[in-house]
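Scroll down for the structure; my scribbles are underneath it.
Note that these values count all heavy atoms, side chains included, but never hydrogens, waters or copies made by symmetry.
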Protein chains: 2
Amino acid sequence: MISKRLSELRKKKQWSLQYIADQLNIAKSTYAGYESGYRQPSLEAVKELAVLFGTTTDYLLGVTDKEQPTIELTHLTFHMTIDGEPVTEDEIIQLIAFIRTKRELEKHKK
Amino acid sequence: MISKRLSELRKKKQWSLQYIADQLNIAKSTYAGYESGYRQPSLEAVKELAVLFGTTTDYLLGVTDKEQPTIELTHLTFHMTIDGEPVTEDEIIQLIAFIRTKRELEKHKK
DNA sequence: AATAAAGGTACGCGAATCGCGAACAATTTT
DNA sequence: AAAATTGTTCGCGATTCGCGTACCTTTATT
């Protein structure tokens, strides 16, 4: 599973084996082994690959099929930052109102 | 890192080593090795452990340190919805501007 | 077109580490 | 206090890791 995911992601980004190997400081053949299924990456490598590809280890490992987590803002079940500064709950409520209003206006425009 | 997480989660749930070993069909000593750091679980085992504990592999592996993930909005590395409707990239840019402006105003109030 | 450079694939080798069983200590249950 | 359960550690054989190397294919340069 992880080999398939790695292969797909790398091709989508149009990265070479060598580039990824350099990023993780491993041999090209080592990374190639991950994609071919000939080898399994270490847990540390899995972590680094998830960060490099901008995805989650859950996706790489096949726990989930979603490359990027989808978050429903109104559920408030996570922490968020902008410019490194935590977004307060009040601010999130304002954000939601902002978007709702904007959408409402868009609707009437048509 | 994973050893710490496994140990914490198991104790919180008050499960025995044997119980988890049985669930994953591995030897007690094998799982014990995961917690002590003497061994590293296979990728498959990590997946199963995440499901068993009702958490994510990202949490087990320490990609995310908080139970609730923190997301930096300006990185645009995830999908977001409000009222089930996808928030577009443009909207996110507007949200960021909105909060930045609001913060700027707050600053001058003092 | 010929050559060089870069990208991709396959495999042998030594080293690292896996999973298991066993032995034993610590704790809980009866 | 004896028995049962739980937790810890370690040696062993087997697996598999990561690297280097060799080789083929594709792309870039002249």
Side-chain angles (χ1 to χ4, degrees), chain A residues 1-69, chain B residues 1-67 69 75-77:
Chain A
M1 166 53 73
I2 191 170
S3 68
K4 202 182 90 195
R5 292 278 155 89
L6 291 174
S7 183
E8 286 168 1
L9 287 167
R10 183 177 63 83
K11 277 161 191 162
K12 188 154 70 176
K13 302 225 177 216
Q14 303 196 58
W15 290 346
S16 70
L17 298 173
Q18 189 67 63
Y19 171 74
I20 295 180
D22 289 343
Q23 297 302 308
L24 301 214
N25 257 309
I26 58 178
K28 179 180 67 163
S29 63
T30 297
Y31 176 75
Y34 300 162
E35 282 200 13
S36 70
Y38 186 64
R39 291 276 181 265
Q40 281 213 316
S42 68
L43 298 185
E44 189 56 34
V46 172
K47 282 173 61 174
E48 292 176 14
L49 285 166
V51 172
L52 182 62
F53 282 120
T55 184
T56 66
T57 60
D58 286 273
Y59 179 72
L60 288 185
L61 298 178
V63 175
T64 174
D65 288 335
K66 291 178 184 169
E67 186 176 338
Q68 308 295 349
Chain B
M1 166 52 73
I2 192 170
S3 67
K4 203 182 91 195
R5 290 279 155 87
L6 290 175
S7 183
E8 285 167 1
L9 287 168
R10 185 177 62 83
K11 277 161 190 161
K12 188 153 69 176
K13 301 222 178 222
Q14 302 197 61
W15 290 345
S16 70
L17 298 174
Q18 189 66 64
Y19 171 74
I20 295 179
D22 288 344
Q23 297 302 308
L24 301 214
N25 257 308
I26 58 177
K28 177 181 66 167
S29 62
T30 297
Y31 177 75
Y34 300 161
E35 282 200 12
S36 70
Y38 186 65
R39 291 274 181 265
Q40 281 213 314
S42 69
L43 298 185
E44 189 56 35
V46 172
K47 282 173 62 175
E48 292 176 14
L49 285 166
V51 172
L52 183 62
F53 282 120
T55 184
T56 66
T57 60
D58 287 275
Y59 181 70
L60 288 185
L61 298 177
V63 175
T64 64
D65 288 339
K66 296 166 188 171
E67 301 233 13
H75 289 168
L76 292 172
T77 57

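When all heavy atoms are compared, the tightest approach of B:V46 to B:L60 is O-CD1, 3.8 Å. The two residues B:A45 and B:L24 make their nearest non-hydrogen contact at O-CD1, 4.0 Å. The heavy-atom pair separating A:G37 from A:S3 by the smallest distance is N-CB, 3.9 Å.
Paired with B:E35 under the rule salt bridge (charged side-chain N to carboxylate O under 4.0 Å, His left out), one option of B:R5, B:K4, B:K11, B:R10 passes, and it is B:R10. Just one residue in the list A:L9, A:L49, A:L6, A:I26 forms a side-chain contact (heavy atoms from CB on, under 4.5 Å) with A:I20, and that residue is A:L49.
Between atom CH2 of residue B:W15 and atom CG of residue B:D22 there is a gap of 12.5 Å, rounded to the nearest 0.5 Å. With values rounded to the nearest 0.5 angstrom, B:I2 atom CD1 is found 7.5 Å from B:Q40 atom CD. Rounded to the nearest 0.5 angstrom, A:T64 OG1 and A:Y59 OH are separated by 9.0 Å.
Formation of a donor-acceptor pair under 3.5 Å by the A:T57 side chain with backbone atoms of B:D58 is found in this model.
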Practice problem: Given side-chain contact (heavy atoms from CB on, under 4.5 Å), test A:L43 with A:K47 step by step and report yes or no. | Solution: CA-CA 6 Å; A:L43 298 185; A:K47 282 173 61 174; 5.8 Å; no
Exercise. Go through the steps for B:V63 and A:T56 under the test side-chain contact (heavy atoms from CB on, under 4.5 Å), then give the verdict.
Key: CA-CA 8 Å; B:V63 175; A:T56 66; over 6 Å; no
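For A:Q18 and D:dT27, the CD to P distance is 18 Å, given to the nearest whole Å. The interatomic distance linking A:E44 (CD) with C:dA16 (C1') rounds to 17 Å, in whole Å. As a whole-Å value, the separation of A:L17 CG from D:dT25 P is 17 Å. Going from atom OH of A:Y19 over to atom P of D:dT27 covers 21 Å, rounded to whole Å. The CD atom of A:Q14 sits 15 Å away from the C1' atom of D:dT26 (whole-angstrom rounding).
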Practice problem: Could you encode protein contacts along nucleotides 10-20 of chain D as a string, one character per nucleotide from 5' to 3', using B for base contact, S for sugar-phosphate-only contact and - for no contact, with a heavy-atom cut-off of under 4.0 Å? | Solution: B-B----BBBB
Any N/O pairs under 3.5 Å between the protein and nucleotides 25-30 of chain C? List them or say none.
none

Do any N or O atoms of the protein come closer than 3.5 Å to N or O atoms of nucleotides 4-6 of chain C, and which pairs are they?
none

